[in-house]
Amino acid sequence: MTLRLPKDIDALVQARADAGGFATAEEVLRDAMRPWLEAEQRRQEDLRVIREKIAQGDADSTDIGADEVSARLDRLAVSIAKTSPDAA
């Protein structure tokens, strides 16, 4: 793959490689991308878990109406408000 970096970024990458610690500009970019790649892996895992929970919910034969959902959320909101440090 060939990439064209903006001149300012290219200069930063090259300066970092020239300063030592990295043998090539490719190593600088690989190191810079590592946190993004790790975050993307976490995001994909989070999505997998969410999809799994949705599938479990879809497979659950228990069904509640909108009024019950609303009531449960209201109770949860009250509970959270009571335990919040800002509730005082």
Side-chain angles (χ1 to χ4, degrees):
M1 173 187 289
T2 301
L3 297 173
R4 276 192 180 272
L5 297 173
K7 289 181 182 182
D8 58 333
I9 294 175
D10 184 58
L12 288 170
V13 169
Q14 196 58 52
R16 184 77 190 265
D18 292 344
F22 296 97
T24 64
E26 288 82 6
E27 286 183 15
V28 174
L29 292 172
R30 189 177 303 115
D31 189 62
M33 289 198 62
R34 188 171 292 117
W36 178 80
L37 291 169
E38 290 168 355
E40 182 62 19
Q41 288 174 340
R42 285 190 304 274
R43 189 181 78 80
Q44 289 298 322
E45 177 60 17
D46 291 346
L47 287 173
R48 185 195 66 74
V49 169
I50 289 168
R51 288 183 181 114
E52 183 178 296
K53 290 185 182 294
I54 290 171
Q56 289 171 355
D58 288 346
D60 188 348
S61 61
T62 306
D63 196 10
I64 60 174
D67 290 340
E68 178 60 20
V69 170
S70 181
R72 288 182 185 189
L73 289 173
D74 287 344
R75 288 192 300 270
L76 179 60
V78 168
S79 173
I80 290 171
K82 286 180 182 177
T83 60
S84 172
D86 296 330

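On a predicted model such as this, the values are computed, not experimentally measured, just so you know.
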Evaluate salt bridge (Lys or Arg N to Asp or Glu O under 4.0 Å) for Arg34 paired with Glu38, printing each intermediate quantity in order. CA-CA 6 Å; Arg34 188 171 292 117; Glu38 290 168 355; 5.0 Å; no
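- The residues Lys7 and Asp10 are annotated as not salt-bridged, no charged nitrogen and carboxylate oxygen being separated by less than 4.0 angstrom.
- Under 4.0 Å is where a charged nitrogen must lie from a carboxylate oxygen, and between Arg72 and Glu68 at least one such pair does.
- Hydrophobic clustering (side-chain heavy atoms under 4.5 Å, transitive across Ile, Leu, Val, Met, Phe, Trp, Tyr) groups Ile9 together with Val28.
- To the nearest 0.5 Å, atom CZ of residue Arg43 and atom CD1 of residue Ile50 are 10.0 Å apart.
- The side chain to side chain contact (heavy atoms under 4.5 Å, CB included) test with Val49 singles out one residue from Arg51, Lys53, Glu52, and that residue is Lys53.
- By the neighbour-count criterion of 12 heavy atoms within 6.0 Å, atom CG of Asp67 is sparsely surrounded, having that number or fewer from other residues, nucleotides or ligands.
- For Gln14 and Asp18, the side-chain atoms include at least one donor-acceptor pair closer than 3.5 Å.
- Contact record, Ala25 with Ala17: N-CB, 4.0 Å, taken as the closest heavy-atom pair.
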Please lay out, stage by stage, how Glu27 and Arg30 fare under the test side-chain contact (heavy atoms from CB on, under 4.5 Å). CA-CA 5 Å; Glu27 286 183 15; Arg30 189 177 303 115; 3.6 Å; yes
List the steps and the verdict of side chain to side chain donor-acceptor pair (under 3.5 Å) for Gln41 and Glu45. CA-CA 6 Å; Gln41 288 174 340; Glu45 177 60 17; over 6 Å; no
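- Atom CG in Leu47 sits 8.5 Å away from atom CD in Glu40 (nearest 0.5 Å).
- Among all heavy-atom pairs drawn from Leu5 and Val13, the shortest one is CD1-CG2, 4.4 Å.
- Residue Ile64 is grouped with residue Leu73 when hydrophobic side chains (ILVMFWY) are merged at heavy-atom distances under 4.5 angstrom, including chains of intermediate members.
- Val78 is not listed as a side-chain neighbour of Asp74, based on a closest heavy-atom distance of 4.5 Å or more.
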